[in-house]
Student: 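Here it is, the structure in full.
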Amino acid sequence: MSFSNDPVSIVASAGSRPTASQSVSGALGAATAQRAARSTAEYRALDAAHHIHPFSDMGALNRVGSRVITRAEGVYLWDSDGHKIIDGMAGLWCVNVGYARKELAEVAYRQMLELPFYNTFFKTTHPPVIELSALLAEVTPPGFNHFFYCNSGSEGNDTVLRVVWQYWRVKGQASKKYVISRNNGYHGSTIAGATLGGMDYMHEQMPSKVEHIVHIDQPYWYGNGGDLSPEAFSRQCAQQLEAKILELGAENVAAFIGEPFQGAGGVIFPAATYWPEIERICRKYDILLVADEVIGGFGRTGEWFAHQYFDFKPDLITMAKGLTSGYVPMGAVGIQDHVAQAIVENGEFNHGLTYSGHPVAAAVAVANLRLLRDGGIVDRVKNDVGPYFQQSLRDALATSPIVGDISGAGLVAGIQLAQSKGDAHGVGRQRFANGGDVGTICRDFCFGSDLIMRATGDRMLLSPPLVVTRAEIDELVSKAARAIDLTAKKIGVQG
Ligand code: PMP
């Protein structure tokens with residue numbers, strides 16, 4: 001397919017659906033024209049010269065050059081060479097309502113003209129943040145009526161620590177300082193977020209960490225469950241929380257934080273025995289329970305929040321990504337009434353960010369939440385496209401010799417690549433000796449077939465925009481199955 005970077009032909013090629021670029025093209029035309037005017041080679045050269053990418057080996061990346069994404073619509077991306085790519089990762093788990101939603105672009109544009117910025121520090125507020133807070137109180141579970149805003153999931157988890165520590169201080173139990181998290185959890189990349197996270201490779205580059213954060217094991221049955229059933233193994237992992245609390249002394253433990261399902265760690269879904277046991281232990285020892293919903297929130301599992309899928313009740317929830325569908329940066333922390341009371345009624349809370357409750361981000365979040373709710377997008381994930389996606393994936397990969405297990409719900413899935421599946425219960429299953437290699441091989445095949453599917457070690461991850469249609473799911477699943485098939489052939493495993 002030939003493709004021009006001229007913005008006029010970009011709009012013309014987008015089909016009949018009105019896109020954001022058409023609606024605001026008058027205002028943005030000059031800037032867009034300048035941005036899109038370079039060749040792929042020019043973009044790559046400038047990118048290599050001046051841009052340091054997150055989580056990247058820049059030397060290696062610059063030798064091959066980055067893929068330059070120039071526009072997107074629905075579940076598709078286009079690169080600067082004109083390739084149309086199906087996005088199986090919703091950007092970075094965030095573009096829940098899909099790309100090029102005119103409603104969101106127009107809201108941002110209008111808000112920028114009306115009130116592009118004002119702070120919320122000095123006895124001041126503004127309509128967008130008020131509307132958003134009231135709407136979040138409606139879409140979150142009962143008891144969540146207070147929200148603190150930031151710009152990202154990482155800052156959300158920094159905020160969680162501040163709220164948790166202040167809560168116990170106000171309650172006269174300042175010794176409750178320890179926060180327990182999990183190995184291979186991901187909670188962000190600020191110093192606090194990365195300390196909370198249990199990613200060894202991040203800890204290696206951090207000689208200093210935030211104090212009073214400790215980890216227990218992740219409920220990763222495929223890798224660590226041995227001959228135990230998933231249910232027994234998950235229960236055992238949860239019971240490590242009790243052991244850790246007793247080791248530290250309950251009077252010293254403030255909170256437990258976990259992603260309801262681990263996202264960046266590989267879309268690892270614990271068995272149904274896990275969260276009820278974690279919740280029981282938190283209540284028994286008077287420990288706050290924090291659900292990091294940065295990936296799981298806003299419809300990903302078919303429920304509004306992933307903790308509702310697992311049926312537990314957290315005291316705090318961290319939100320970002322799907323809050324604005326990634327159109328503008330925003331994070332938030334939802335706080336249960338009994339915790340919020342301690343923060344709201346007890347003098348100054350010494351925490352804030354210039355852009356806490358940014359009016360443009362808040363206005364976009366309101367429009368985005370309305371699309372998710374009033375447009376029936378979350379319901380559709382639960383009752384239609386979610387089950388269809390899960391079933392299609394399992395049908396397509398049932399006979400693959402290198403797929404050991406698939407976990408997921410709604411529109412998120414983790415595909416475990418494995419040397420051997422073991423028996424019907426997975427007993428005798430065997431991972432690849434060098435798991436990261438097989439994931440990288442598979443990801444390269446995806447790249448070559450214009451599919452975005454992420455690899456985390458030996459697990460392949462999918463998390464498409466929630467507006468994906470059945471036909472697009474068919475395309476996504478068949479491309480994923482083909483990439484996995486090519487991987488099996490390349491490493492010499494026969495079906
Ligand atoms: N928590 C979880 C569960 C995440 O997946 C992420 C990011 N992937 C974060 C926190 C950090 O969010 P951000 O990158 O917006 O700081």
Side-chain angles (χ1 to χ4, degrees), residues 52-56 87-96 148-164 179 181-199 201-203 206 210 213 215 218-220 255-270 275 289-301 305-307 309-310 314 316-334 353 355-356 358 361 364-365 368 407-408 410-414 452 454-456 459 461-463:
I52 299 177
H53 295 222
F55 290 105
S56 300
D87 184 4
M89 282 304 298
L92 208 45
W93 325 82
C94 53
V95 187
N96 289 15
F148 186 98
Y149 297 98
C150 50
N151 308 290
S152 64
S154 303
E155 289 177 358
N157 286 324
D158 275 41
T159 302
V160 160
L161 291 179
R162 306 289 283 272
V163 171
V164 161
V179 176
S181 172
R182 298 175 307 173
N183 297 321
N184 199 36
Y186 189 83
H187 297 293
S189 193
T190 54
I191 302 292
T195 308
L196 282 171
M199 302 284 181
Y201 64 92
M202 289 172 81
H203 286 191
M206 292 167 58
V210 173
I213 292 173
H215 297 82
Q218 57 173 331
Y220 176 35
F256 173 78
I257 182 168
E259 304 152 81
F261 63 89
Q262 289 155 260
V267 185
I268 294 166
F269 269 57
W275 282 109
L289 175 50
V290 185
D292 184 337
E293 292 276 5
V294 167
I295 286 179
F298 305 105
R300 182 56 54 198
T301 62
F305 293 93
H307 72 261
Y309 172 82
F310 289 102
L316 292 100
I317 49 182
T318 321
M319 301 173 264
K321 296 191 191 272
L323 173 59
T324 53
S325 284
Y327 277 58
V328 285
M330 182 173 239
V333 176
L353 303 146
Y355 301 127
S356 289
H358 191 286
V364 170
N368 174 62
S407 57
L411 285 173
V412 64
I452 305 267
R454 178 163 161 178
T456 290
R459 293 176 70 81
L461 319 183
L462 285 170
S463 176

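Start at 1 and go down the list; that is how both ligands and their atoms are numbered. These figures come from a predicted structure and were not determined experimentally.
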Student: Could you tell me which residues satisfy side chain to side chain donor-acceptor pair (under 3.5 Å) with His307, sequence neighbours excluded, listed by chain and number?
Tutor: Glu293
Student: Is a donor on one side and an acceptor on the other found under 3.5 Å between the side chain of Arg300 and the backbone of Leu411?
Tutor: yes
Student: Among Gln262, Arg182, Glu259, whose side-chain hydrogen bond (donor to acceptor under 3.5 Å, both in side chains) with Gln218 holds?
Tutor: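 The single option meeting the side-chain hydrogen bond (donor to acceptor under 3.5 Å, both in side chains) with Gln218 is Gln262.
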Student: Output all residues satisfying ring pair (Phe, Tyr, Trp, His ring centres under 6.0 Å) with Phe261, sequence neighbours left out; order by chain, then residue number.
Tutor: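 Phe261 satisfies ring pair (Phe, Tyr, Trp, His ring centres under 6.0 Å) with Phe269 once adjacent residues are dropped.
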Student: Give the residues near ligand 1 by chain and number, with the criterion being a heavy-atom distance under 4.0 Å.
Tutor: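 Within 4.0 Å of ligand 1, the protein residues are Ser152, Gly153, Ser154, Asn157, Tyr186, His187, Gly188, Glu259, Asp292, Val294, Ile295, Lys321.
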Student: Residues two or more places apart in sequence or in another chain: which of them pass ring pair (Phe, Tyr, Trp, His ring centres under 6.0 Å) with Tyr355?
Tutor: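 Testing Tyr355 for ring pair (Phe, Tyr, Trp, His ring centres under 6.0 Å), a comparison that skips the adjacent residues, returns Phe117, His358.
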Student: Which residue, Asp158, Thr195, Leu161, Ile257, forms the side chain to side chain contact (heavy atoms under 4.5 Å, CB included) with His187?
Tutor: Ile257
